[in-house]
**Student:** 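Before I ask anything, let me first share the structure, which is written out below as structure tokens.
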Amino acid sequence: MRSKIWIVLLGALTLPMFALRVELSNDTFATSGRSANRNLFVTNNSGKMIALEVYAQSRIVNETTGIDELDDIEDFLIYPNQLLLQPDEQQVVTLTWVGPQELPEERAFRIVVEELNLSLDEESEDEDMTVKLAALTKVVKAAYVAPENAKANVKVSKSEVATSDTGKKVIRLTLKNTGTAHKILKQTLIKLTPVDASGKQLKDQSWEYIPDELNGVINILARSQRIIEIEWPDNLSASVTEVNVTL
């Protein structure tokens, strides 16, 4: 008689990320043809056997917080979507886009490789074993599906003098991507120009610099925007009520 196996989901734990290495051959998929297929190389660098599940989620980015908003999808064929890796073993997972063949703009996704801990409950009788599943390491990779000739177009669509949640005077920028592909901004240089009460730009007082808030990496997805508040510059008069900012 075949033994019954019950599955119990336990709370999430954390293991060192170096125990699992995940590499995507190319993060951009075409909607059809050979480039609609990409390989995911998954390597077990730990000293124990690990079980893994691979799945995809759609991704949008909150325009003010920059936090990913994810939803489960079935637009990728993932084979195999479950792995059992011995120590130092590598397996290749094939990802194939099976969603719409025509897209008006690039779509963003997360490819997730999640480790599951499989252990048998030794107190259970042979005929009624329990398999305990505990979520361990999770590795997340960015992926995009883009139409042919997709291109980003990011500009400052709005710059205004504002007050932050903490009551400080700031410059609030809206970075808008009207293009059909995502754009990753790194150490972004801006040009800031004060504007007088009549609406005239004081170009002789403008200067270029990289604000601390734009000194890292910001990803602006296709047809989306990000709203960034930057600290009031020390060399900008507190009496200024309007500014013009460009990239």
Side-chain angles (χ1 to χ4, degrees), residues 2-61 67-103 105-121 124 129-147 150 181-182 219 221-222:
R2 182 174 298 176
S3 300
K4 296 180 181 179
I5 299 179
W6 302 91
I7 298 179
V8 179
L9 182 62
L10 302 181
L13 303 175
T14 301
L15 288 184
M17 292 298 291
F18 59 78
L20 181 63
R21 191 177 72 189
V22 178
E23 298 174 285
L24 190 58
S25 60
N26 191 314
D27 67 3
T28 302
F29 293 71
T31 57
S32 60
R34 292 184 60 184
S35 296
N37 300 278
R38 300 300 185 196
N39 290 328
L40 191 71
F41 301 92
V42 184
T43 306
N44 175 13
N45 289 323
S46 73
K48 65 181 182 66
M49 182 173 66
I50 57 175
L52 303 168
E53 181 181 10
V54 184
Y55 56 94
Q57 294 180 311
S58 64
R59 174 193 181 198
I60 61 175
V61 178
I67 297 174
D68 283 353
E69 298 176 5
L70 306 171
D71 283 306
D72 292 334
I73 56 159
E74 297 182 355
D75 289 330
F76 287 94
L77 176 63
I78 302 175
Y79 183 80
N81 66 340
Q82 293 183 333
L83 307 173
L84 196 62
L85 293 182
Q86 299 293 334
D88 299 320
E89 182 182 2
Q90 181 184 85
Q91 287 194 30
V92 179
V93 176
T94 301
L95 305 172
T96 304
W97 173 253
V98 293
Q101 298 296 291
E102 294 186 9
L103 297 175
E105 68 270 334
E106 179 186 78
R107 291 174 57 185
F109 301 89
R110 290 295 194 188
I111 306 301
V112 183
V113 180
E114 187 169 1
E115 181 184 359
L116 298 175
N117 182 36
L118 299 178
S119 60
L120 294 178
D121 186 348
S124 301
M129 294 187 298
T130 299
V131 178
K132 296 181 179 179
L133 272 64
L136 300 174
T137 303
K138 179 187 290 187
V139 178
V140 180
K141 308 294 286 188
Y144 306 90
V145 178
H182 74 287
N219 189 353
L221 303 182

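All of these numbers come straight from a predicted model, not from anything done at the bench. Hydrogens, waters and symmetry mates play no part in the numbers below; they use all other heavy atoms, side chains included.
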**Student:** Do you know which two heavy atoms are closest between Ile78 and Ala56, and how far apart they sit?
**Tutor:**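 In this case the closest contact between Ile78 and Ala56 is CD1-N, 3.9 Å.
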**Student:** Of the non-hydrogen atoms in Pro80 and Val93, which two are nearest, and what is the gap between them?
**Tutor:**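 Looking at all heavy atoms of both residues, the closest pair is O-CG1, 3.4 Å.
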**Student:** When rounded to the nearest 0.5 angstrom, what is the spacing between CZ in Arg21 and CZ in Phe41?
**Tutor:** 10.5 Å
**Student:** How far apart are the C-alpha atoms of Met49 and Leu84, what are their side-chain angles, what is the distance that settles it, and do they pass the side-chain contact (heavy atoms from CB on, under 4.5 Å) test?
**Tutor:** CA-CA 7 Å; Met49 182 173 66; Leu84 196 62; 3.9 Å; yes
**Student:** To the nearest 0.5 Å, what is the distance between CG (Asp71) and CD1 (Ile60)?
**Tutor:**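 Those atoms lie 7.5 Å apart.
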**Student:** In Å, rounded to the nearest 0.5 Å, how long is the span from OG1 of Thr96 to CZ of Arg34?
**Tutor:**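 Nearest 0.5 Å value for the OG1-CZ distance: 12.5 Å.
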**Student:** So with a 6.0 Å cut-off around OH of Tyr79, is the heavy-atom count from everything else above 12?
**Tutor:** no
**Student:** Shortest non-hydrogen contact from Leu70 to Gln57?
**Tutor:**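 Smallest heavy-atom distance, with atoms named: CD1-OE1, 3.3 Å.
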**Student:** Between CZ of Arg110 and CG of Asp68, what distance do you get to the nearest 0.5 Å?
**Tutor:**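 Arg110 atom CZ to Asp68 atom CG measures 4.5 Å (nearest 0.5 Å).
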**Student:** Can you spot which of Leu83, Ile50, Val92 makes a side-chain contact (heavy atoms from CB on, under 4.5 Å) with Val42?
**Tutor:** Leu83
**Student:** Which heavy atom in Arg107 sits nearest to a heavy atom in Asp75, and how many Å separate them?
**Tutor:**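 The answer is NH2-OD2, 3.4 Å.
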**Student:** Can a donor-acceptor pair be found, under 3.5 Å and without considering hydrogens, that links the side chain of Arg38 to the backbone of Asp27?
**Tutor:**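 The answer is no, because no donor-acceptor pair under 3.5 Å joins these two groups.
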**Student:** What heavy-atom pair brings Ala222 and Glu106 nearest, and what distance separates the two atoms?
**Tutor:** CB-O, 3.9 Å
**Student:** Once you round to the nearest 0.5 Å, how far does CD of Gln86 lie from OG of Ser46?
**Tutor:** 10.0 Å
**Student:** Compare all side-chain heavy atoms of Arg59 with those of Asn219 and state whether any distance is below 4.5 angstrom.
**Tutor:**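 Touching, per the 4.5 Å side-chain cut-off.
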**Student:** Please step through side-chain contact (heavy atoms from CB on, under 4.5 Å) for the pair Asn44 and Asp88, ending with a clear verdict.
**Tutor:** CA-CA 5 Å; Asn44 175 13; Asp88 299 320; over 6 Å; no
**Student:** Identify the two heavy atoms, one from Val145 and one from Trp97, that lie closest to each other, and give their separation to 0.1 Å.
**Tutor:** CG2-CE3, 3.5 Å
**Student:** When rounded to the nearest 0.5 angstrom, what distance separates CD in Gln90 from CG in Leu85?
**Tutor:**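 Here the interatomic distance stands at 9.0 Å.
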**Student:** Does the side chain of Lys138 reach to within under 4.5 Å of the side chain of Val112, using non-hydrogen atoms?
**Tutor:**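 A side-chain contact exists here, since the closest heavy-atom pair is under 4.5 Å.
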**Student:** Flag the pair Asn39 / Leu95 as yes when at least one side-chain heavy-atom distance between them is below 4.5 Å, and no otherwise.
**Tutor:**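 Contact flag for Asn39/Leu95 side chains = no.
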**Student:** Can you confirm whether Leu52 sits close enough to Leu20 that some side-chain heavy atom of one is under 4.5 Å from a side-chain heavy atom of the other?
**Tutor:** yes
**Student:** For Phe29 and Phe76, I'd like to know if the aromatic rings sit close, meaning centre-to-centre distance below 6.0 Å.
**Tutor:** yes
